[in-house]
Amino acid sequence: MKTLALVAALAVASMAAPALAQTAPAAAPAAGAMSVETTPIGDLIKNEAAKAALEKALPEITQFYDQIATMTLAQVAPMSQGALDDAKLKALQVEFDKIK
């Protein structure tokens, strides 16, 4: 059920992505730092360790990379119907912080 809700939410998110990108530009993170708040998903998946952490936490996200690449995880979370909640965002940030 959560997967279906995530699919629907991500479909809506893909339509809203250009509007969000225009109204809420992400602040530039520190050099090399990855953030659930500021790093676009398209940039996260370019790093193999970050991509692995993301896919471990949220396996169904792989099918939506092309639709949500310009969004951050924090922007996708409210539309995920609970599949990407605050606890998962925090856990992912911990994993991203471990990556050199």
Taking side chain as C-beta onward, heavy atoms only, is F64 less than 4.5 Å from L58?
no
Can you tell me how far CG of N47 sits from OG1 of T39, rounded to the nearest 0.5 angstrom?
10.0 Å
Separation between CG (D66) and CD1 (I41), nearest 0.5 Å, reads 11.5 Å
So the salt bridge (Lys or Arg N to Asp or Glu O under 4.0 Å) pairs with at least one residue in residues 41-55 (sequence neighbours excluded) are D43-K46
Pairs in or reaching into residues 80-95: which pass salt bridge (Lys or Arg N to Asp or Glu O under 4.0 Å), with residues at least two apart or in two chains?
E95-K98
Nearest heavy atoms of [X] and [Y], plus distance in Å:
{"X": "Q93", "Y": "M34", "answer": "NE2-O, 3.0 Å"}
{"X": "L89", "Y": "A74", "answer": "CD2-N, 4.2 Å"}
{"X": "L84", "Y": "A77", "answer": "O-CB, 3.2 Å"}
{"X": "A53", "Y": "F96", "answer": "CB-CE2, 4.4 Å"}
{"X": "A69", "Y": "P40", "answer": "O-CB, 3.5 Å"}
{"X": "T72", "Y": "T38", "answer": "CG2-C, 3.7 Å"}

Residue pair L92, L44: steps toward the side chain to side chain contact (heavy atoms under 4.5 Å, CB included) verdict
CA-CA 11 Å; L92 281 166; L44 290 173; over 6 Å; no
